[in-house]
S.K.: 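Take this structure first; my questions come after.
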Amino acid sequence: AYSNSTVKKNSTISFTPKAPPSDVPVMYSFVCRNPSFGWVNGTKDLTVIYDRGRPNITLLFSAMAFNRTLVNITYSASDSVSPNSSCVLSYGSKRYAANITSGENRTEEINFTRQGRNTVTARCVDLAGNMAIKSSYVFIDAVPPSVTVSSASAATRLNGNGTRSTSPCL
């Protein structure tokens, strides 16, 4: 209990509550009374929500390697206490910001400009300021292979049954 007989009407008090062992809402009640007369002037309830956990980020891809440069990247952020998180999905210098309700899937269409391995990073902050970062990569191979066909020389030609046909009198 907190008690201070010098607090005047319409003044502000501060207190530092002891955090509970788990992230739960805790209600504190403030009672204003006149200690000389023993009567209560009023009460005020304050609910404090403790949130020490970071959001959990999930990056969802249908595949890790793509043969095209325009790819849908889906991600989500969930938190057991905060109802939503502020998130930024990034690739290189591109940034895609969103406020995400806990558990909601968010999809961004990203045009990858580089062939090969590309890193995608999601950074989310919940309402209490707890931050989480998760990265993954997308491999882009949008260049088809090249094929070169040449005819074989007379010495390496095969007949229909897979044996070499040679003529000793050439």
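Side chains included, hydrogens not; waters and symmetry mates left out as well; all remaining heavy atoms used.
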S.K.: Do Val125 and Ile133 share a hydrophobic cluster (ILVMFWY, side-chain heavy atoms under 4.5 Å, transitive)?
M.R.: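 Yes.
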S.K.: Which one of Asn99, Leu127, Asp79, Asp126 satisfies the side chain to side chain contact (heavy atoms under 4.5 Å, CB included) criterion with Asn84?
M.R.: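 Checked Asn99, Leu127, Asp79, Asp126 against Asn84; only one passes side chain to side chain contact (heavy atoms under 4.5 Å, CB included): Leu127.
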S.K.: Rounded to the nearest 0.5 Å, how far does NZ of Lys134 lie from CZ of Arg54?
M.R.: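 Rounded to the nearest 0.5 Å, the CZ-NZ separation comes out at 12.0 Å.
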S.K.: Rounded to the nearest 0.5 Å, how far apart are CG of Asn105 and OH of Tyr75?
M.R.: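 Going from the CG atom of Asn105 to the OH atom of Tyr75 covers 10.5 Å.
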S.K.: To the nearest 0.5 Å, tell me how far Leu59 CG sits from Ser135 OG.
M.R.: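 The OG atom of Ser135 is 7.5 Å from CG of Leu59, to the nearest 0.5 Å.
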S.K.: Does one hydrophobic cluster hold both Ile73 and Ile140, with members joined at side-chain heavy-atom distances below 4.5 Å?
M.R.: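 Hydrophobic grouping puts Ile73 with Ile140.
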S.K.: As an exercise, state the distance from CD of Glu108 to CG of Asn72, rounded to the nearest 0.5 Å.
M.R.: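 Those atoms lie 9.5 Å apart.
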S.K.: Using modelled atom types and a 3.5 Å cut-off, is there a donor and acceptor pairing between side-chain atoms of Asn130 and backbone atoms of Asp51?
M.R.: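 Side chain of Asn130 to backbone of Asp51, a donor-acceptor pair under 3.5 Å: yes, one is there.
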S.K.: Show, in sequence, the C-alpha distance, side-chain angles and deciding distance for Leu70 and Asn111, and conclude whether the side chain to side chain contact (heavy atoms under 4.5 Å, CB included) test is met.
M.R.: CA-CA 4 Å; Leu70 195 59; Asn111 187 15; 3.9 Å; yes
S.K.: Give the minimum heavy-atom separation between Ser78 and Ser102, together with the two atoms involved.
M.R.: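 In this case the closest contact between Ser78 and Ser102 is CA-OG, 3.2 Å.
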S.K.: Quick one: do Tyr137 and Ile57 end up in the same hydrophobic cluster if we chain Ile, Leu, Val, Met, Phe, Trp and Tyr together by side-chain heavy atoms under 4.5 Å apart?
M.R.: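 No, Tyr137 does not connect to Ile57 through the hydrophobic network.
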S.K.: Take Thr113 and Tyr91 through the test side-chain hydrogen bond (donor to acceptor under 3.5 Å, both in side chains) and record every step on the way to the result.
M.R.: CA-CA 10 Å; Thr113 56; Tyr91 154 67; 3.3 Å; yes
S.K.: Which heavy atom of Arg117 sits nearest to which heavy atom of Phe139, and what is that distance?
M.R.: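 Reported closest heavy-atom pair: N-CD1, 3.6 Å.
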S.K.: Kindly determine whether Val120 and Ser136 satisfy side chain to side chain contact (heavy atoms under 4.5 Å, CB included), including the steps that lead there.
M.R.: CA-CA 5 Å; Val120 176; Ser136 190; 5.6 Å; no
S.K.: Could you check Ile110 against Leu89 for side chain to side chain contact (heavy atoms under 4.5 Å, CB included), going step by step and ending with a plain yes or no?
M.R.: CA-CA 10 Å; Ile110 299 177; Leu89 185 71; 4.0 Å; yes
S.K.: Ser76 and Glu104: which non-hydrogen atoms are nearest, and at how many Å?
M.R.: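 Looking at all heavy atoms of both residues, the shortest contact is CB-O, 3.2 Å.
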S.K.: Give me the atom names and distance for the closest heavy-atom approach of Pro55 to Met131.
M.R.: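 For Pro55 and Met131, the tightest heavy-atom pair comes out as CD-C, 4.3 Å.
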S.K.: How close do Gln115 and Ala142 get, counting heavy atoms only, and between which atoms?
M.R.: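 In terms of heavy atoms, the two residues are closest at OE1-N, 2.9 Å.
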S.K.: Distance from Leu60 atom CG to Arg106 atom CZ, nearest 0.5 Å?
M.R.: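 Rounded to the nearest 0.5 Å, the CG-CZ separation comes to 14.0 Å.
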S.K.: Is atom OH of Tyr96 surrounded by more than 12 heavy atoms (other residues, nucleotides or ligands) closer than 6.0 Å?
M.R.: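 Counting other residues, nucleotides and ligands, OH of Tyr96 exceeds 12 neighbours.
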S.K.: Side chain to side chain contact (heavy atoms under 4.5 Å, CB included) for Thr69 and Arg114? Distances and angles first, verdict last.
M.R.: CA-CA 8 Å; Thr69 58; Arg114 292 186 314 254; over 6 Å; no
